[in-house]
Amino acid sequence: MTETQTAETPMTPIEQHHYDTIMERIGLNRLAAEEAAAQGEAAPDPGEQPAPAVTVPDPTAIREAVTEQAVLGALLEEVKAAYAAARTEAEYLLTQQYKATGSTKVDVTLPDGTKVGSISRTPGETAAKVIDEDAFRAWVRDTYPTEHVVKAVPMRIVAEVQPGFTSKLLAEMTAAGRAQYADPTTGEVHDVPGVAIAPARAATTRITYGRKSKGQPLTGRELIAEAWQAQGLAARYLPALAPSPVQPAAE
């Protein structure tokens, strides 16, 4: 060995193992590519993983799952319809009570007298609304001409009030509770035509279920669930879903 020659450093056992593994994989990929070429197919991608096998679900499990969904869906529709009717009736009666007595809250009790919560009447809200667009726009044109614009759109000319100005007026009239606008610059109070204070949100009800306490270890919801069969709540409030009464056996 001359001075210009350098001896190769032998690979460690780990390096040798990696080298052998890589060479083996290269050889296998070459063989797969040659076989695919011989059969007229595209060579497989070395990095492509085979798709996992899909196991066919148990037909009984499928049938049970779809039946459960269908049954619960039908029951849910029945419950939703019954709840909507009950809520409408309760809101009407609570509104009548509020008008007569001013009371807004009623305890909710089971047929045996057990309190499970309360229901409160939430009052509705009113807001200023433009009910006559032409009258409102004419007033703005004559009183605040800079807030009245004329726009050219395809085939026609449109006159309108600046949206931001309309929102500002309606917000201030809603806060005042009347269709009047006090000009902050001049102090003049304008009766605004084409605007009215109208209902914006109807009165509604809010249910508050009872919580657990030292004297009552169950919540209001749990008490209702317990009484569903024990006190015949199904037959009373959801007769369509109540089980048929058991007929005594013929003697």
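The shown structure was predicted, so the numbers you read here are calculated from the model rather than taken from an experiment. By convention here, the first residue in the shown sequence is residue 1.
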Report task. Evaluate the criterion side chain to side chain contact (heavy atoms under 4.5 Å, CB included) for residue pair D132 and D134; output intermediate values, then yes/no. Result -> CA-CA 6 Å; D132 187 334; D134 292 337; 3.8 Å; yes
Query raised in the report: Which residues satisfy the salt bridge (Lys or Arg N to Asp or Glu O under 4.0 Å) test with E172, sequence neighbours excluded?
Result: none
Requested in this report: With sequence neighbours excluded, tell me which residues meet side chain to side chain donor-acceptor pair (under 3.5 Å) with T208.
Outcome: R206
Query - Spatial distance of atom CZ (R121) from atom CG (L93) [nearest 0.5 Å] - result: 12.0 Å
Requested in this report: Just jot down the side chain to side chain contact (heavy atoms under 4.5 Å, CB included) partners of D112, sequence neighbours excluded, or say none.
Outcome: L110, T114, Q231
Report task. For T101, enumerate each residue passing the side chain to side chain contact (heavy atoms under 4.5 Å, CB included) test, keeping only those at least two apart in sequence or located in another chain. Result -> Q97, S103
Query raised in the report: Between CZ of R141 and OG1 of T146, what distance do you get to the nearest 0.5 Å?
Result: 14.0 Å
Query raised in the report: With a cut-off of 6.0 Å (strictly less than), are more than 12 heavy atoms of other residues, nucleotides or ligands near CD of Q69?
Result: no
Report summary line: Between Y209 and G220, the two heavy atoms sitting closest are CD2-C, 4.3 Å
Query raised in the report: Are F136 and V149 in one and the same hydrophobic cluster, where Ile, Leu, Val, Met, Phe, Trp and Tyr link if side-chain heavy atoms are under 4.5 Å apart?
Result: no
Query raised in the report: Under the 3.5 angstrom rule, does the side chain of Q162 hit a backbone N or O of G164 as a donor-acceptor pair?
Result: no
Query raised in the report: For A128, does its backbone N or O pair with a side-chain atom of T174 as donor and acceptor, under 3.5 Å?
Result: yes
Query raised in the report: For R137, does the CZ atom sit with more than 12 other heavy atoms under 6.0 Å from it, leaving out its own atoms?
Result: yes
Which atom pairs, one a donor and one an acceptor, fall under 3.5 Å between side chains of residues 185-200 and the rest of the protein, sequence neighbours left out?
{"from": "T186", "atom 1": "OG1", "to": "E188", "atom 2": "N", "distance (Å)": "3.2"}
{"from": "D191", "atom 1": "OD1", "to": "Q180", "atom 2": "NE2", "distance (Å)": "2.7"}

Query raised in the report: Please, which pairs that meet ring pair (Phe, Tyr, Trp, His ring centres under 6.0 Å) have at least one residue in residues 150-176, sequence neighbours excluded?
Result: Y144-F165
Report task. Give the C-alpha distance, both sets of side-chain angles, the deciding distance and a yes or no for salt bridge (Lys or Arg N to Asp or Glu O under 4.0 Å) between E160 and K151. Result -> CA-CA 8 Å; E160 64 181 20; K151 295 182 178 180; 2.8 Å; yes
Requested in this report: Taking the side chain as every heavy atom from C-beta outward, state whether K168 and T166 have any pair of such atoms under 4.5 Å apart.
Outcome: no
Query raised in the report: Stepwise, does the side chain to side chain contact (heavy atoms under 4.5 Å, CB included) test hold for V116 with T109?
Result: CA-CA 6 Å; V116 295; T109 57; over 6 Å; no
Query raised in the report: In the hydrophobic cluster built from side-chain contacts under 4.5 Å, what are the other members alongside Y98?
Result: none
Report summary line: Residues at least two apart in sequence or cross-chain that pass salt bridge (Lys or Arg N to Asp or Glu O under 4.0 Å) with K115, listed by chain then number, are D107
**Report entry** Stepwise side chain to side chain contact (heavy atoms under 4.5 Å, CB included) test for K105 and I119
**Finding:** CA-CA 6 Å; K105 186 176 180 180; I119 186 167; over 6 Å; no
Query raised in the report: To the nearest 0.5 Å, what is the distance between CD1 (I62) and OG1 (T67)?
Result: 11.0 Å
**Report entry** Closest contact, heavy atoms only, R201 versus P123
**Finding:** NH2-O, 3.4 Å
**Report entry** Rounded distance (nearest 0.5 Å) linking atom CH2 of W228 with atom CG of L223
**Finding:** 15.0 Å
Requested in this report: Can you tell me which residue pairs pass the side chain to side chain donor-acceptor pair (under 3.5 Å) test with a partner in residues 54-66, sequence neighbours excluded?
Outcome: none
Report task. Would you list the pairs meeting side chain to side chain donor-acceptor pair (under 3.5 Å) in which at least one residue belongs to residues 84-94, sequence neighbours left out? Result -> R87-E91, R87-T204, E91-T204
Requested in this report: With rounding to the nearest 0.5 Å, note down the distance linking OH in Y237 to CD1 in I224.
Outcome: 9.5 Å
Requested in this report: Among Ile, Leu, Val, Met, Phe, Trp and Tyr joined by side-chain contacts under 4.5 Å, find the other residues sharing a cluster with V150 and list them by chain and number.
Outcome: I157
Report summary line: Those residues at least two apart in sequence (or on a different chain) that pass salt bridge (Lys or Arg N to Asp or Glu O under 4.0 Å) with E226 are none
Query raised in the report: Going by heavy atoms in the side chains, are L94 and T104 under 4.5 Å from each other?
Result: no
Query raised in the report: Taking all non-hydrogen atoms of both residues, which atom of L233 and which atom of A227 are closest, and how far apart?
Result: CG-O, 3.3 Å
